[in-house]
Amino acid sequence: MRIAMIGTGYVGLVSGVCFSDFGHDVICVDKDAAKIARLKAGEVPIYEPGLDTLMEKNVAAGRLEFSDDLAAAVDGAEAVFIAVGTPTRRGDGHADLTYVMAAAEEIAAALTGYAVVVTKSTVPVGTNRQVQEVIASANPDADFDVASNPEFLREGAAIEDFMKPDRVVVGVESAHAAEVMSEIYRPLYLRNFPILTTDLESAEMIKYAANAFLATKITFMNEIAGLCEKVGADVKEVSRGVGLDGRIGNKFLHAGPGYGGSCFPKDTAALARIGQDHSFPMRITETVMRVNDEVKTRMVEKLRDACGGSFNGKTVTVLGVTFKPNTDDMREAPSLTIVPAMVGGGAHVRVIDPQGRAEGEALLPGVDWLEDPYEAAEGADLVVLLTEWNEFRALDLKALAARMAYPRMADLRNVYSARAAERAGFSQYIAVGR
Ligand SMILES: NC(=O)c1ccc[n+]([C@@H]2O[C@H](COP(=O)([O-])OP(=O)(O)OC[C@H]3O[C@@H](n4cnc5c(N)ncnc54)[C@H](O)[C@@H]3O)[C@@H](O)[C@H]2O)c1
């Protein structure tokens, strides 16, 4: 199969690399010429574990190329994937489809033989049909079908998720498109991973429903955590007890500082907007969005209390600012609410993150970036564990406390325990829901 992947970001690059590893010939296209230049030089522009090795292997095998020439990549491709961004449109929460439709127009002009145009970007119900119309009207002679193939990979575990997915969802309307899609995913068919073939609208809806459900699950447990603090229960015990129920499952039940990331915030907003557009308000999703904002605000209050009621003049060390570990992605990270609130309140904030600095420097003005947690804790009034990178899971708490002016810890990921912190010499240990 010859595949063109339009958009070489977190999803496009991982998908392109993995498809080439399946044995297909893939050209990854991006309009960001600097990104393509880096990729051509063998450099991976994002942090995603294992991606560099897999990319190198498939480039060396001659199955994977990078280009900023969309037309050349589309010419002769049997499948053209659209994997461009669909951020929140300013002002109304709707998914911004500008990039998708611009890509569709460019693809239309470049199509030569029959191709399936596959939307991998997360898009509202009805978008695939719109893509079909855009291509048909831009190039009435084009011989093509559209397909919806939403992506479920998790940043930080993207390759594993792509290669061993819980399921692949494919929305199609023609037998020809179904055939092409099953050829593309043949290695997964052969290994019995579930491939759900359905209609376009259902495929589009599955992606939003899945993300909204996961955001709800997290937020539900974050709300339970707030109540645990009031009634003296331990949310870690509660999560475990709840998660052992096979009907519920133990994933996405960890209390923390609220969800963030490139997907949940924008996808819940888009689903809420789709509901409003159809006079069918998505009340649960709307509430989840509101509660999640409140969770982040509650964290700021928690930290302010830990600083004795004011951030002014305090030195705070923040461990981890990416939205989750094992990624450099800062999009909608809780740190973007919490850190500016501390800086704005007059705190001197020191930040450490194994991969977040390149993205985070511009987003978190007024903070000092350091490398070593112990050095960063020197003379500090509070240490905040905000993103649970492995590097922060086994800290020498005694050494950390010894360096601080006031040994206080706010563990917003519930990594440590009050007892361990106390034994290490911390005078105060604050967690979430415990
Ligand atoms: N990031 C995730 O974990 C994840 C998971 C599942 C689904 N998704 C969905 O996948 C889509 C892409 O997300 P992402 O995180 O990879 O975005 P991203 O911003 O990392 O990458 C998008 C890329 O598309 C490029 N682009 C835009 N228009 C283009 C055009 N006309 N031609 C060529 N390149 C173009 C941009 O330059 C950019 O490099 C979104 O719809 C997102 O919701 C993301």
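Counting convention: from 1, in listed order, for ligands and their atoms alike. Below, each value reflects all heavy atoms present in this structure, side chains not excepted, and no hydrogens, waters or symmetry copies.
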Q: Of the choices I6, I36, D30, T8, which has the non-hydrogen atom that lies closest to atom 36 (C) of ligand 1?
A: D30
Q: Heavy-atom distance to atom 34 (N) of ligand 1: which of K120, E105, M5, K31 wins?
A: K31
Q: Among protein heavy atoms, which lies nearest atom 9 (C) of ligand 1, and at what distance?
A: T122 OG1, 3.5 Å
Q: With a 3.5 Å cut-off and no angle check, do the side chains of T327 and Q355 form a donor-acceptor pair?
A: no
Q: Salt bridge or not for E151 and K120, using N-O below 4.0 Å?
A: yes
Q: Are Y185 and F19 close enough that their ring centres sit under 6.0 Å apart?
A: yes
Q: Hey, is K266 one of the residues with a heavy atom under 4.0 angstrom from ligand 1?
A: yes
Q: Given G85, A73, C263, which one has a non-hydrogen atom that is nearest to atom 22 (C) of ligand 1?
A: G85
Q: What protein heavy atom sits nearest atom 24 (O) of ligand 1, and how far away is it?
A: G7 CA, 3.4 Å
Q: Are the charged groups of R434 and D234 less than 4.0 angstrom apart, N to O?
A: yes
Q: Give me the residue, atom name and distance of the protein heavy atom closest to atom 13 (O) of ligand 1.
A: V11 CG2, 4.2 Å
Q: To which of L153, D267, L13 does the heavy atom nearest atom 5 (C) of ligand 1 belong?
A: L153
Q: May I ask you to identify the nearest protein heavy atom to atom 12 (C) of ligand 1, giving residue, atom name and distance to one decimal place in Å?
A: V84 O, 3.4 Å
Q: Is there a salt bridge (Lys or Arg N to Asp or Glu O under 4.0 Å) between D68 and K31? Walk through the geometry before answering.
A: CA-CA 5 Å; D68 55 6; K31 62 177 183 182; over 6 Å; no
Q: Is there a side-chain contact between V117 and D145, using heavy atoms and a 4.5 Å cut-off?
A: no
Q: Just which atoms of ligand 1 are under 4.0 Å from any heavy atom in S262?
A: 1 (N), 2 (C), 3 (O)
Q: Any idea which of K207, R331, E151 brings a heavy atom closest to atom 15 (O) of ligand 1?
A: R331
Q: Is there a heavy atom of A102 sitting under 4.0 angstrom from any atom of ligand 1?
A: no
Q: What is the closest protein heavy atom to atom 1 (N) of ligand 1, and at what distance does it sit?
A: E155 OE2, 2.7 Å
Q: Are R167 and F193 in a cation-pi setup, meaning NZ or CZ lies under 6.0 angstrom from the ring centre and within 45 degrees of the ring axis?
A: no
Q: With a 4.0 Å cut-off, would you call E160 and R154 a salt bridge?
A: no
Q: Identify the protein heavy atom lying closest to atom 41 (O) of ligand 1, giving its residue, its atom name and the separation to 0.1 Å.
A: T86 OG1, 2.5 Å
Q: Write out the residue and atom name of the closest protein heavy atom to atom 31 (N) of ligand 1, then the distance separating them to 0.1 Å.
A: E106 OE2, 3.3 Å
Q: Please tell me whether F252 and Y259 form a close aromatic pair, meaning their ring centres lie under 6.0 Å apart.
A: no
Q: May I have the step-by-step check of salt bridge (Lys or Arg N to Asp or Glu O under 4.0 Å) for K302 and E229, ending in yes or no?
A: CA-CA 11 Å; K302 226 182 219 308; E229 289 176 13; 2.8 Å; yes
Q: Looking only at protein heavy atoms, which one is nearest to atom 21 (O) of ligand 1, and what is the separation?
A: G9 CA, 3.2 Å
Q: Measure K35 to ligand 1 on non-hydrogen atoms and call it side chain, backbone, both or neither using the 4.0 Å cut-off.
A: side chain
Q: At what distance, to the nearest 0.5 angstrom, does OG1 of T219 lie from CD1 of I224?
A: 12.0 Å
